[in-house]
Number of protein chains: 2
Amino acid sequence: MEVDKILKSGQLKITPQRQAILRVLSTSDSFINAQMLFTRVLEILPGTNFSTVYRNLDTLVSKGILCRIPRDNGGDLYKIRREEGHHHHVICKGCGATIIIEFCPMEAIREKLEGLGFTPTDHRFEIYGYCDKCREGRQDKNI
Amino acid sequence: MEVDKILKSGQLKITPQRQAILRVLSTSDSFINAQMLFTRVLEILPGTNFSTVYRNLDTLVSKGILCRIPRDNGGDLYKIRREEGHHHHVICKGCGATIIIEFCPMEAIREKLEGLGFTPTDHRFEIYGYCDKCREGRQDKNI
DNA sequence: CTAATTGCAAATTGTTTGCAGTTTA
DNA sequence: TAAACTGCAAACAATTTGCAATTAG
């Protein structure tokens, strides 16, 4: 979808900064972190401030326009949410490329959880590994 | 398992600080963050330094003695790994209590991923929600 | 004895905030 | 024009690091 349309769909004002952020994010299906995003935004809109980027990441996530996943070290990763509905990600640790999967493990165990007296509200499911391309480039082929 | 035995099993030296850290963690099945852990460690071993706690959390995770999960806001959570083998967690957002589940979604899709030319190396699967007790205490019962 | 570990203090990293000026709808 | 948004600079929280002193095996 067009960047401006995305912003309108979220009832957000169209600003050059937001356009830049979404332009960067919409050119790839990979997750990137805020720092990297900031660097790329600067290339197409010099002078943009880091706080603006952070504020907008929060805003865009809260509008459901972006996916955010927390990483082990801290430093969340962001990616534009292209597909509708619930889904999960397969993420290449080499290049960051992602594959969307429809499969959701919750269906398989929701019932069991309720039997345990637990009410699930949300969940996290991500798969990490290497795509063929990145795996070939690694020293240790036996990952 | 006894705290000292755990340390030995990880080929780690037994220090009062490590004992304190493990004593805190072994008294509960909940995930807690580094700050909270530090506070509790201070109670049983005053003077312990924060950097020591951080260093040991890293060490203990790398030895497989602790589980670490990243949170949305940053600030990872830690918990002693009691059960052997592969498992996942159900985590109460109210009290932090956890339930271990044996079910692993990877089995269901590993084959499919390989068909896509993707080699999975690790994955994350956690379920968040509320246990009966915590749910009752909430304003909004319809979570 | 010696390699591992600790405390300390300072540095770093990543992110957030208040506010005044600017821009969008 | 009113509310939303931005840049700036400063604050912040959480974590990490170098190093000298201490301690466990």
Side-chain angles (χ1 to χ4, degrees), chain A residues 2-25 31-63 65-66 68-78, chain B residues 2-25 31-63 65-66 68-78:
Chain A
E2 181 65 88
V3 158
D4 289 7
K5 293 224 176 214
I6 295 174
L7 288 172
K8 276 184 187 164
S9 76
Q11 291 155 294
L12 295 171
K13 296 198 168 173
I14 295 169
T15 68
Q17 293 83 352
R18 282 178 179 159
Q19 289 173 317
I21 290 168
L22 285 183
R23 269 181 57 202
V24 169
L25 286 167
F31 277 94
I32 61 175
N33 63 25
Q35 309 284 332
M36 175 65 82
L37 174 65
F38 179 55
T39 305
R40 302 239 188 106
V41 164
L42 277 189
E43 289 166 10
I44 61 182
L45 190 69
T48 302
N49 194 275
F50 215 151
S51 56
T52 302
V53 171
Y54 271 107
R55 270 189 284 237
N56 278 310
L57 285 174
D58 280 348
T59 305
L60 294 168
V61 168
S62 74
K63 293 290 184 182
I65 294 167
L66 304 183
R68 159 158 55 193
I69 61 173
R71 290 272 290 158
D72 296 53
N73 58 356
D76 299 348
L77 300 180
Y78 300 86
Chain B
E2 181 66 89
V3 158
D4 289 6
K5 293 223 175 212
I6 297 174
L7 288 172
K8 276 185 186 165
S9 77
Q11 290 155 296
L12 296 171
K13 294 196 172 175
I14 295 170
T15 67
Q17 294 83 352
R18 283 178 178 159
Q19 288 174 316
I21 290 168
L22 286 183
R23 269 182 58 200
V24 169
L25 287 167
F31 277 95
I32 62 175
N33 63 26
Q35 309 287 330
M36 174 66 80
L37 174 64
F38 179 56
T39 305
R40 303 240 188 105
V41 165
L42 278 189
E43 290 166 9
I44 60 182
L45 192 69
T48 303
N49 194 274
F50 214 153
S51 56
T52 301
V53 172
Y54 272 108
R55 271 189 284 234
N56 277 310
L57 284 174
D58 280 350
T59 305
L60 293 168
V61 167
S62 76
K63 293 290 183 179
I65 294 168
L66 304 183
R68 159 157 56 193
I69 61 173
R71 290 274 291 157
D72 298 54
N73 58 355
D76 298 349
L77 300 180
Y78 301 85

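Here the structure is a predicted model, which means the values were calculated and not measured. By convention in this document, chain letters (A, B, ...) are assigned in the order of the sequence lines, proteins followed by strands, and residues within each chain are numbered from 1.
Separating the OG1 atom in A/Thr39 from the CD1 atom in A/Ile32 is a distance of 8.5 Å, to the nearest 0.5 Å. Residue B/Leu57 holds its CG atom at 5.5 Å from CG of B/Leu37, rounded to the nearest 0.5 Å. Here B/Tyr78 contributes atom OH and B/Ile65 contributes atom CD1; the two are 14.0 Å apart, rounded to the nearest 0.5 Å. A distance of 9.0 Å separates OG1 in B/Thr59 from CD1 in B/Ile21, rounded to the nearest 0.5 Å. In this structure, CZ in B/Arg23 is found 9.0 Å from CG in B/Leu45, a value given to the nearest 0.5 Å.
Between A/Ile14 and A/Val3 there is no side-chain heavy-atom pair separated by less than 4.5 Å.
Rounded to whole angstrom, the span from the CZ atom of B/Arg18 across to the C1' atom of C/dT6 amounts to 10 Å. When the C1' atom of D/dA14 is taken as reference, atom CG of B/Leu77 falls 14 Å away, rounded to whole Å. Put simply, CZ on A/Phe50 is 18 Å from P on D/dA10, counting in whole angstrom units. Between the CD atom of B/Gln19 and the P atom of C/dT6 there is a distance of 11 Å, given to the nearest Å. Look at CG on A/Leu7: it is 12 Å from C1' on D/dC5, rounded to the nearest Å. If you measure from atom CD of B/Gln11 to atom P of C/dA3, you get 17 Å, rounded to the nearest angstrom.
Here the closest non-hydrogen pair linking A/Lys13 and A/Arg18 is O-NH1, 3.0 Å. The shortest non-hydrogen separation linking A/Ile44 to A/Ala20 is CD1-O, 3.6 Å.
Contact annotation: B/Gln17 side-chain N/O to C/dG7 OP1/OP2 distance is under 4.0 Å. Between D/dA14 and B/Asn33, no contact under 4.0 Å exists linking OP1 or OP2 to a side-chain N or O.
Between B/Ala34 and A/Val53, the residue anchored closer to the 5' end of DNA chain D is A/Val53, taking for each the nucleotide with the nearest heavy atom.
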Readout for nucleotides 18-25 of chain D: B = base within 4.0 Å of protein heavy atom, S = sugar-phosphate only, - = neither; 5' to 3' it is B-----BS
Should A/Leu7 and A/Thr15 be marked as a side-chain contact (heavy atoms from CB on, under 4.5 Å) after you check the CA-CA gap, both sets of side-chain angles, and the distance that decides it?
CA-CA 9 Å; A/Leu7 288 172; A/Thr15 68; over 6 Å; no
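Taken residue by residue, residues 35-49 of chain B places heavy atoms nearer than 4.0 Å to DNA chain C at B/Gly47, B/Thr48, B/Asn49.
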